Amino acid sequence: MFGLIDGNAFYCSCERAFAPKLRGKPLVVLSNNDGCIIARTSEAKALGLKMGEPWHLVQNKPGIEQVQWLSSNYELYGDMSRRMYQVLEDIFPLVEPYSIDEMFLDLRGLPNAYALSHKARDLVRTIAKIPTCVGIGPTKTIAKLANAIAKDQPNWHGVCDMSDPEVRHSIYMGTALSEVWGMGPASVEKAAKLGVFSIQDFVALPTEEVRKVLTVVGLRTHAELNGQSCLALSLVPPQKKMLACTRSFSRAVTTWEEIRQAVATYAETAARRLRQAGLYAAGMQVFLQTNPFAPKDPQYSPQRTFGIEGTSDTRALIAAALRAAERMWRPHFRYHKVGIILLDLYSPQSVPPSLFPSRDPKRSAALMKAMDALGDRYGRGAVRIAATAPEGSWNMKRSRLSPRYTTAAEEMLTVGV
DNA sequence: TCTGGGGTCCTAGGACCC
DNA sequence: TCTGGGGTCCTAGGACCC
């Protein structure tokens with residue numbers, strides 16, 4: 001059994017924890033540049049404010065004057081999230097943070113999962129000052145759905161337990177497929193074309209049909225909703241694969257100097273985060289973007305993706321980012337956003353993936369040549385040994401380094417590639 | 001005037017290899 | 001003369017999530 005605990009209007013609740021005068025009133029938290037609504041209390045929701053709505057477009061809604069609003073404060077939210085985790089890890093054998101405001105709970109073998117869920121809610125509310133709801137189910141997807149129902153329907157008193165198949169069946173009958181985790185607008189539309197609207201319609205579909213229309217992703221959701229667990233709880237967070245720092249400007253930007261400033265700043269921020277994570281990057285993407293919301297403006301949204309010498313050094317990363325940005329920048333455009341994305345992240349203790357540089361054909365050719373030379377020198381067997389991975393032999397020339405190949409790659413390095 | 005930011009996974013299709 | 005087929009890797013783009 002899985003549980004999912006989720007903070008109600010999390011960012012708003014974090015703010016309210018330290019500002020009691022905000023309690024009981026409509027409150028929204030806004031994104032960067034105070035652009036969009038990214039969290040709203042039930043009172044704000046009741047006024048018709050929606051998630052993601054541009055703040056400047058709701059100014060005319062009736063009752064908007066009474067809505068309190070705040071710019072976002074991610075340090076605070078991260079801190080509150082850790083507090084929530086600390087309360088939960090004392091109650092449950094395993095807690096897996098899923099997002100800043102959600103944690104999966106391991107309820108396997110707990111006879112009193114329902115009572116414990118209530119206890120967890122109470123403690124998180126009193127200690128971490130965050131109101132929550134809990135969903136319970138035999139799979140993560142069902143627990144997530146149960147959580148959404150606990151939030152929507154007050155008669156569950158904050159904990160919705162969907163471990164009973166009959167409870168599930170009756171909920172599936174009366175709930176739209178769009179409520180399901182992983183079913184976005186595109187999937188919901190495809191399902192509707194098959195006459196599938198409720199969750200019950202969906203789970204009744206044959207698996208081949210699901211596979212055909214919604215690929216393996218839909219298939220997994222289908223199995224999960226049918227009670228077959230495909231998504232396990234994990235003890236360790238997976239290794240980060242990319243790291244981005246991107247911002248919209250608060251006004252249109254035209255000069256190279258302003259772009260240069262922004263690119264350098266974001267590269268510096270990205271480098272700092274990279275070092276905090278203890279990682280190096282072997283790839284980088286830099287992009288500029290004009291304003292897609294101003295369709296009359298000439299649009300120009302170039303991007304460059306390239307390999308770099310594996311590093312987390314600020315100056316090196318800034319220099320690489322600026323070189324790329326300078327080549328892309330053109331005068332006469334009104335730029336709206338720029339960003340740096342660090343790719344091919346790896347631990348500096350392992351072999352840098354840039355040794356297999358998909359992004360640099362010249363070095364790739366050099367590697368192939370070295371492989372051939374290696375073959376000549378040691379005979380084909382040497383190459384074959386070097387290219388043996390736990391899963392069996394694989395074509396070294398055509399592979400990029402992934403962590404499970406580290407040993408083979410190191411072996412190759414020791415013989416001089 | 002003002003429309004977020006940071007992620008992951010999957011697929012299709014091209015390039016390439018033998 | 002017959003002009004293949006199995007396989008991998010990579011990228012771009014779509015979809016989804018919070």
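Predicted model, so just to flag it, every value in this text is computed and none were measured. Residue numbers start from 1 in every chain, and the chains themselves are labelled A, B, ... in the order their sequence lines are given, proteins ahead of strands.
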Any T246(A) side-chain nitrogen or oxygen under 4.0 Å from OP1 or OP2 of dG4(B): no
Between P of dG6(B) and CD of E75(A), the distance in whole Å: 13 Å
Whole angstrom value for the distance that separates C1' of dC9(B) from NZ of K140(A): 15 Å
F249(A) six-ring centre to K337(A) NZ/CZ under 6.0 Å and within 45° of normal: no
Euclidean distance, atom CG of residue N73(A) to atom C1' of dG5(B) [Å, nearest integer]: 15 Å
Sugar-phosphate only, base, or nothing, as touched by R247(A) at under 4.0 Å among non-hydrogen atoms: sugar-phosphate
Test item: side-chain donor near acceptor, S198(A) and Q200(A), under 3.5 Å: no
Touch class at under 4.0 angstrom, heavy-atom based, for R334(A) against every strand present: nothing
Nearest-nucleotide 5' precedence on DNA chain B, T215(A) against G35(A): G35(A)
Closest-nucleotide ordering on DNA chain B, the 5'-leading residue of A252(A) and R273(A): A252(A)
Side-chain H-bond candidate by donor/acceptor type, R275(A) with T314(A), under 3.5 Å: yes
M242(A) side chain, from C-beta outward: closest of dA12(C), dT8(B), dT3(B): dT8(B)
Closest listed nucleotide, where the reference is the side chain of Q303(A) and the choices are dC2(B), dA12(C), dG7(B): dA12(C)
Presence of K241(A) side-chain N/O under 4.0 Å of dG7(B) phosphate oxygens OP1/OP2: no
D297(A) CG - dC2(B) C1' separation (whole Å): 14 Å
Closest to the C245(A) side chain, choosing from dC10(B), dG6(B), dT3(B): dG6(B)
Separation of dG4(B) P from I37(A) CD1 (nearest whole Å): 13 Å
Salt bridge flag under 4.0 Å for residues E43(A) and R16(A): yes
Nearest-angstrom distance from the residue atom CG of L342(A) to P of dT8(B): 12 Å
Rounded interatomic separation in angstrom, taking CG from L214(A) and C1' from dC10(B): 13 Å
Side-chain N,O (R251(A)) to OP1/OP2 (dT3(B)) below 4.0 Å: no
Side-chain H-bond candidate by donor/acceptor type, E268(A) with T265(A), under 3.5 Å: no
Nearest-angstrom distance from the residue atom CZ of R211(A) to P of dC10(B): 11 Å
Per-nucleotide protein contact string for nucleotides 13-18 of chain C (B base, S sugar-phosphate only, - none; heavy atom under 4.0 Å): --SSSS
Parallel, tilted or perpendicular: rings of H336(A) and F293(A) (30°, 60°): perpendicular
Phosphate-side-chain proximity, N32(A) and dG5(B), N/O vs OP1/OP2 below 4.0 Å: yes
Pairs meeting criterion side chain to side chain donor-acceptor pair (under 3.5 Å) with involvement of residues 45-60 of chain A, two or more places apart: E53(A)-K61(A)
S301(A) and Q299(A) side chains, donor-acceptor separation under 3.5 Å: no
Under 4.0 angstrom between R220(A) side-chain N/O and dC9(B) OP1 or OP2: no
